[in-house]
Amino acid sequence: QQKIAGRKWQLSLGKSKYQGNYEHPDYGTIKITRTENNELAVSWGLTHAIATAFTKTDTMRVELIPSQGRVISFNIYNDEVKALEYEGSVFKRVI
């Protein structure tokens with residue numbers, strides 16, 4: 001846990017640029033919001049988590065399943081976040 005907490009964010013844009021709703025036709029909507037503490041909160045159905053930094057550019061780590069960290073990576077084009085990828089599935093940004 002200490003190793004995870006010590007990671008530096010590798011986001012190429014400001015955190016506010018990653019906020020939004022990302023939809024997949026079979027898996028529904030992943031929502032990303034910013035908290036009062038400038039953290040990124042991720043919710044998907046009834047699950048939610050606070051994201052932490054990951055080691056690659058435009059990625060973050062989430063534990064939507066307790067003790068099972070997974071990576072979300074973002075697809076960026078012309079300084080806009082267009083989609084995210086989670087567990088091999090692409091969710092397109094709609095808002």
Side-chain angles (χ1 to χ4, degrees):
Q1 291 291 33
Q2 191 173 15
K3 181 180 175 183
I4 293 168
R7 289 179 181 156
K8 298 212 182 306
W9 284 93
Q10 303 291 323
L11 301 176
S12 62
L13 306 171
K15 285 185 179 178
S16 64
K17 297 275 190 168
Y18 297 84
Q19 294 181 112
N21 294 343
Y22 299 81
E23 290 185 355
H24 186 283
D26 296 325
Y27 302 125
T29 303
I30 292 178
K31 296 179 183 181
I32 299 178
T33 56
R34 252 182 35 214
T35 69
E36 292 176 2
N37 298 328
N38 199 33
E39 297 171 308
L40 291 174
V42 179
S43 61
W44 187 19
L46 298 176
T47 62
H48 63 277
I50 298 297
T52 55
F54 195 62
T55 57
K56 296 180 181 175
T57 303
D58 289 317
T59 62
M60 62 187 189
R61 181 183 182 276
V62 293
E63 286 189 21
L64 293 171
I65 301 168
S67 300
Q68 294 188 23
R70 300 288 189 257
V71 176
I72 289 177
S73 60
F74 294 94
N75 298 332
I76 297 174
Y77 182 74
N78 285 342
D79 290 335
E80 285 189 38
V81 181
K82 299 294 186 181
L84 66 76
E85 186 173 336
Y86 179 75
E87 291 289 288
S89 295
V90 175
F91 292 70
K92 292 186 179 177
R93 187 173 191 184
V94 293
I95 297 177

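Just so it is clear, the model here is predicted, and its values are computed rather than measured. Any value given below was found using the heavy atoms of this structure, including those in side chains, with hydrogens, waters and symmetry copies removed.
The nearest pair of heavy atoms linking Ile50 to Thr35 is CD1-CG2, 3.9 Å. What you find for Met60 and Val42 is that their closest heavy atoms are CE-CG2, 3.6 Å. Between Tyr86 and Ile72 the shortest heavy-atom distance is CD1-CG1, 3.6 Å. Minimum heavy-atom separation, Thr29 to Trp44: O-CD1, 3.3 Å.
One distance of note links CD of Glu80 with NZ of Lys17; it measures 7.0 Å at 0.5 Å rounding. Between the NZ atom of Lys56 and the CZ atom of Arg61 there is a distance of 14.5 Å, given to the nearest 0.5 Å. Note that OG1 of Thr57 and CH2 of Trp9 are 13.0 Å apart. Values are rounded to the nearest 0.5 Å.
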### Message
Could you walk me through whether Asp79 and Leu13 satisfy the side chain to side chain contact (heavy atoms under 4.5 Å, CB included) test, starting with their C-alpha distance in whole Å, then the side-chain angles of each, then the deciding distance to 0.1 Å, before giving a yes or no?
### Response
CA-CA 7 Å; Asp79 290 335; Leu13 306 171; 3.8 Å; yes
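The closest donor-acceptor contact from the side chain of Lys15 to the backbone of Leu40 lies at 3.5 Å or more, if one exists at all. The backbone N or O of Glu85 lies less than 3.5 Å from no partner atom in the side chain of Asn75, so there is not a single donor-acceptor pair.
If you chain together hydrophobic residues whose side chains sit under 4.5 Å apart, Phe74 and Tyr27 fall into the same group. Residue Ile32 is grouped with residue Ile76 when hydrophobic side chains (ILVMFWY) are merged at heavy-atom distances under 4.5 angstrom, including chains of intermediate members.
Phe91 and His24 have tilted rings, their planes meeting at an angle from 30° to 60° on a 0 to 90° scale.
Not counting sequence neighbours, Tyr22 has no partner by the side-chain hydrogen bond (donor to acceptor under 3.5 Å, both in side chains) test.
When side chains are defined from C-beta on, Phe54 counts as touching Arg7, because their heavy atoms get closer than 4.5 Å.
For residues 22-50, there are no salt bridge (Lys or Arg N to Asp or Glu O under 4.0 Å) pairs, not counting sequence neighbours.
In summary, of the residues considered (Val81, Thr33, Leu84), a side chain to side chain contact (heavy atoms under 4.5 Å, CB included) with Tyr18 occurs for Val81 alone.
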